J.: 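Got a structure here, written out as structure tokens. Questions coming.
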Amino acid sequence: MGSRLHGSELCATHLERLLMKMIRHLGKLSKPAKRAILNSGITKLEELAAISEREVAKWHGIGPRALITIRVILEENGLSFSDSSVHRK
């Protein structure tokens, strides 16, 4: 018989899928920037968009180029930082 996944295993598998999808979205970023986002516990672009750009800019590994790239990734997915109107000209 096939093995059944227990609740915690199912959650871990689901989390792994979310993280892999997030990594694919963030493929254009440097490794330090990817680590900063993943270490923050964010697993979805929507979660990243809910944070202000100013807050993300404070994270170790996120520099000016990373912010530009993140902005582009969010825009490509119909999203923007929660404070995007502050930074738009």
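Count residues from 1 along the sequence. Quick caveat: nothing in here was measured; it's all calculated off a predicted structure.
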J.: Check the hydrophobic clustering (I, L, V, M, F, W, Y; side-chain heavy atoms under 4.5 Å; chains of links allowed) and say if I42 and V72 are grouped together.
T.: no
J.: Under 4.5 Å between any side-chain heavy atoms of I37 and V56, yes or no?
T.: no
J.: Mind checking the OG-CZ spacing from S40 to R35? Nearest 0.5 Å is all I need.
T.: 13.5 Å
J.: Would you give me the side-chain donor-acceptor pairs under 3.5 Å for residues 57-67, sequence neighbours excluded?
T.:
none

J.: How long is the straight-line distance from CD of E53 back to CD1 of I68, given to the nearest 0.5 Å?
T.: 9.0 Å
J.: Which donor-acceptor pairs under 3.5 Å do the side chains of residues 44-52 make with protein atoms, sequence neighbours left out?
T.:
| residue | atom | partner | partner atom | Å |
| --- | --- | --- | --- | --- |
| E47 | OE1 | T43 | N | 2.7 |
| E47 | OE1 | T43 | OG1 | 3.3 |
| E47 | OE1 | K44 | N | 3.2 |
| S52 | OG | E55 | N | 3.0 |

J.: Nearest 0.5 angstrom please: R71 CZ to S80 OG, how far?
T.: 10.5 Å
J.: Can you find a pair of side-chain heavy atoms, one from E76 and one from K28, that are under 4.5 Å apart?
T.: yes
